Amino acid sequence: MRNILLVLWIFLVSLPVYAQILNSPDQNMTLSFTLDQQGTPIYTLDYKGKEVIKPSKLGFEIVLSKLGVIDLARNFTVISITTDSENSIWEPVWGEEKEIRNHYNEMFVKLSNADRFMNIRFRLYDDGLGFRYEFPKQEKLYDFIVKEEITEFNLAGDHNAFWIPGDYETNEYVYLTTKISEIAANREKAITRIKTQVPIEGAAVQTPFMMKSDDGLYINIHEAALIDYPAMHLSVEVDDLKLRSHLVPDVWGGKGDVCTPGKTPWRTIIVSDDARRILASKLILNLNEPCQFEDVSWIKPIKYIGIWWEMFVGKGVWNYTDDTHIKLGATDYSRVKPNTMHSANTANVKRYIDFAAKHGFDQVLVEGWNIGWEDWGGKVRSNLFDFVTPYPDFNVKELQQYATCKGVKVMMHHETGASITNYERRLDNAFRFMKDHGYNAVKTGYVGWIRPKGEHHDGQWMVNHYIHVAQIAAQYKIMVNSHEAVRPTGLHRTYPNWLAQESARGTEFEAMAGLPPEHTTILPFTRLIGGPMDYTPGILQTIFSYHNPKKTKQTGTTLVKQLAYYVTIYSPLQMAADLPETYDRFADAFQFIKDVAIDWDHTYILEAEPGDYITISRKAKGKNEWFIGGITDENGRTANITFDYLPAGKQYIATIYEDSKTAHWQTNPMSYQIQKVIVTHKSNLKQYLAPGGGVAISIKEVASKAEMKGLKRL
């Protein structure tokens, strides 16, 4: 039962203003809210008596068409404050947990400013705070443009920060680790060259933004339920150790169009003195609306392979011909000269379908199947792809029939070239084509400068586009995996057909520029806080000159670390990204990729420290099977792996895929060994991880005594 307490405050300007206090359900977190003498909303946040957020301002500067700039950051009075609480359980369609608890205490503040009204809703959980602005229906504030959102996060110290630079177009950067005070000095170092980028002037970082204080607090700032609003970056005032919201502008320079009644996304602060609780937090999911679909039976996690990696290692290409000045609707592909390197041809796709069927994969992604790839990357042309016309060497109907006979589906690929008006104009035809030819999942891409010109990947216009695609896809019962999109904010709860996103520097950069070993020990604390990532792991041939002498890069991992990613980098959409012939060569290691689940009943964060190491165990959905993944940075370490979550009184066989004693991500990355041991809920494993290495373990219940013969007991 909910308890509602209504507190009416009547103010005279000369009277002092007293703070209203809200505690988390476990009493460890304390939020205070007040108005200062200028009538500015102020909040603070403490955790176990330690300051997390010092007094910080809330509010807006807005633009009204006839009145110009209006200050909605001062001269407020409180109309009322309402408190509420919630303690319930809900079940996601898919996820890291079968059930999620939504337990919070709420404070709802109604404010008035010269006959204009703004409300602030705070929800305080045991693991953090979410708050948003709400604008009720009102006579003097119908629609407006946000000039600035004045949301501050005034930090209590010069924390260690794990960050990438603020950028309106891309989040595909390598993370830096510095003090807050050092962010400005390292801005130029952080801004590596990317094809499409607009770095924010001055010191700015992207969310999710991860920090660790000197006194042992882990703090993560992000947002939840990003709908009809631009994404939030954070401007950094290094001298004052203050962060301030920085919204992505539109082509006119505005930072969000709002029509009342309306609301902003939630601003989120996850806090703990245990790094494992940051990874376990479901605060952002809880702040999103429940699933919009009545029927979700068609939404299924997917394990897939694809015609993709061979292009990165120089064994194939996306384009059918090397001719240039290709024009959609004008070029006759039956008359052009094929380049003989085109990967998405019928015979090659059949080879991948055969491999998927043999090894139990659900789908085969095919990139480069459709006309237009010759003259697309970075071009300003709007009419790039039609999403329905295949190249001459790709037989849609034949491959549909072949895949169906093999019990496999082909996954569609829609690279838009960032020409959004073209894609939206063709969206229904593209999805109808998919439905007619047996496709139920699509990978979308947004490489390049957004058309219409002047809009940004992370702006309000594009935020609405990504959601629009998920909604239209649902009408056709299609699942979506978006690349180069705005980073996620938990909307997969509301739109569970939006299975995953890229929205960070993933495996493709191993081939293009390389990734440092610490990268994936940071991603779960940053990018993955908002939602699952299509990281595309599973590269077992980690030295790329094996494929092509001109390819001088190698992964920043050992082979075993690539296996561990299937557990540590969560996604209901997991790719075995390497080539079929590579998996044939490493068949024993490939077994883990075949076995590992992609949907879970429970997740146990065993060890975690951002930038250093992560060890996670997960229970497969509806099965008595568990899978463990452990990864480390450039330093070797010994992981402490417990099994106390296993049911008592039973024995299990653990198959351990481990780095050899001589393994090293640079010098000996593909050296590994596999052993089997017997474990129970009392077992404990001290496991060596090589520099840049990892460990992957599958655990299954013992079916017969014969299985245990000769096996060591832990």
Side-chain angles (χ1 to χ4, degrees), residues 56-57 60-61 63 145-155 159 161-211 220-223 226 229-257 264-265 267-269 418 446-450 453-463 466 484-489 502-505 522 526-527 529-530:
S56 300
K57 297 178 182 179
F60 289 86
E61 288 182 358
V63 179
I145 298 170
V146 175
K147 185 175 185 292
E148 293 291 348
E149 179 188 319
I150 304 169
T151 300
E152 293 182 349
F153 306 88
N154 194 357
L155 304 175
H159 308 324
F162 305 84
W163 61 279
I164 55 177
D167 193 301
Y168 299 152
E169 299 293 351
T170 185
N171 29 53
E172 295 183 336
Y173 288 107
V174 172
Y175 284 88
L176 294 188
T177 303
T178 71
K179 291 288 189 180
I180 298 291
S181 61
E182 297 169 343
I183 288 175
N186 283 277
R187 177 181 180 273
E188 296 304 318
K189 178 182 178 182
I191 301 173
T192 52
R193 180 72 184 101
I194 299 173
K195 190 162 196 166
T196 307
Q197 61 187 151
V198 178
I200 296 173
E201 294 295 329
V205 297
Q206 298 192 36
T207 70
F209 181 52
M210 186 70 203
M211 297 169 283
N220 184 282
I221 297 177
H222 190 33
E223 58 183 329
L226 175 59
Y229 204 77
M232 180 183 73
H233 294 67
L234 299 171
S235 293
V236 184
E237 299 177 15
V238 294
D239 293 336
D240 297 330
L241 304 178
K242 181 184 294 184
L243 311 175
R244 178 182 286 208
S245 59
H246 183 114
L247 304 182
V248 178
D250 61 23
V251 66
W252 301 103
K255 295 188 175 181
D257 297 335
T264 70
R267 280 61 187 98
T268 63
I269 310 170
Y446 296 93
V447 175
W449 299 101
I450 299 295
K453 295 178 182 179
E455 296 294 347
H456 298 296
H457 281 76
D458 288 3
Q460 183 177 18
W461 199 87
M462 283 301 295
V463 164
Y466 304 129
E484 296 87 34
V486 67
R487 54 206 175 279
T489 59
E502 181 193 36
S503 306
R505 206 171 179 98
I522 296 174
T526 51
R527 158 64 185 79
I529 291 295

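Note that the structure is a prediction, hence the values are computed from the model and not measured.
Taking both residues in full, the closest heavy atoms of H222 and P488 are given as NE2-O, 3.0 Å, listed atom of the first, atom of the second, then distance. Looking at every heavy atom in both residues, L176 comes nearest to A190 through CD1-CB, 3.6 Å. Minimum heavy-atom separation, G256 to P230: CA-CD, 3.8 Å. Residue A161 comes nearest to I183 through the heavy atom pair CB-CD1, 4.5 Å, listed as atom of the first residue, atom of the second, then distance. Residues P265 and Y229 approach most closely at CD-CD2, 3.3 Å, considering heavy atoms. When every heavy atom of V251 is checked against every heavy atom of K453, the shortest pair comes out as CG2-O, 3.6 Å.
Within the 3.5 Å criterion, the main-chain N or O of I450 finds no donor-acceptor partner in the side chain of H457. Put simply, the side chain of T207 never gets that close to the backbone of I221: no donor and acceptor are under 3.5 Å apart. Here the side chain of R187 pairs a donor or acceptor atom with the backbone of G202 at under 3.5 angstrom. A distance-only check finds no donor-acceptor pair linking the side chain of H246 to the backbone of A204 [under 3.5 Å]. Of the possible polar contacts, none joining the R505 side chain to the Y175 backbone as a donor-acceptor pair under 3.5 Å is found.
If you take CZ on R487 and CD on E223, they are separated by 6.5 Å, rounding to the nearest 0.5 Å. Atom CD1 in I150 sits 13.0 Å away from atom OG in S56 (nearest 0.5 Å). The distance from atom OG1 of T151 to atom NZ of K57, rounded to the nearest 0.5 Å, is 12.5 Å. Remark: T268 OG1 to N220 CG distance equals 6.5 Å, nearest 0.5 Å. Summarising the geometry, atom CD1 belonging to I164 is positioned 9.5 Å from atom CD belonging to E172; distances are rounded to the nearest 0.5 Å. To the nearest 0.5 Å, the span separating CD on E61 from NZ on K147 amounts to 5.0 Å.
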> Is there a side chain to side chain contact (heavy atoms under 4.5 Å, CB included) between V146 and Q460 once you walk through the steps?
Replying inline: CA-CA 11 Å; V146 175; Q460 183 177 18; over 6 Å; no
>> Determine whether T170 and E484 satisfy the following criterion, side chain to side chain contact (heavy atoms under 4.5 Å, CB included), listing intermediate values before the conclusion.
In response: CA-CA 7 Å; T170 185; E484 296 87 34; over 6 Å; no
>> Using the rule given for side chain to side chain contact (heavy atoms under 4.5 Å, CB included), can you reason through R244 versus E148, listing the C-alpha separation, both sets of side-chain angles and the distance that settles it, and then say yes or no?
In response: CA-CA 10 Å; R244 178 182 286 208; E148 293 291 348; over 6 Å; no
> Going through the distances and angles, do E169 and W449 end up as a side chain to side chain contact (heavy atoms under 4.5 Å, CB included)?
Replying inline: CA-CA 8 Å; E169 299 293 351; W449 299 101; 4.0 Å; yes
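Aromatic rings of F153 and F209 (six-membered ring for Trp) have centroids beyond the 6.0 Å cut-off, not under it.
Using a 30° and 60° split on the angle between ring planes, H456 and Y168 fall in the tilted class, from 30° to 60°.
Atom NZ of K179 is surrounded by more than 12 heavy atoms from other residues, nucleotides or ligands within 6.0 Å.
For the pair T178 and W163, the minimum side-chain heavy-atom distance is below 4.5 Å. With contacts defined as side-chain heavy-atom distances shorter than 4.5 Å, the pair V486/V248 does not qualify. For the pair I529/M210, no side-chain contact is recorded, criterion being any heavy-atom separation below 4.5 Å from C-beta on.
Under 4.0 Å is where a charged nitrogen must lie from a carboxylate oxygen, and between R267 and E149 at least one such pair does.
Using modelled atom types, one finds a donor on one side chain and an acceptor on the other under 3.5 Å when comparing Y173 with Q197.
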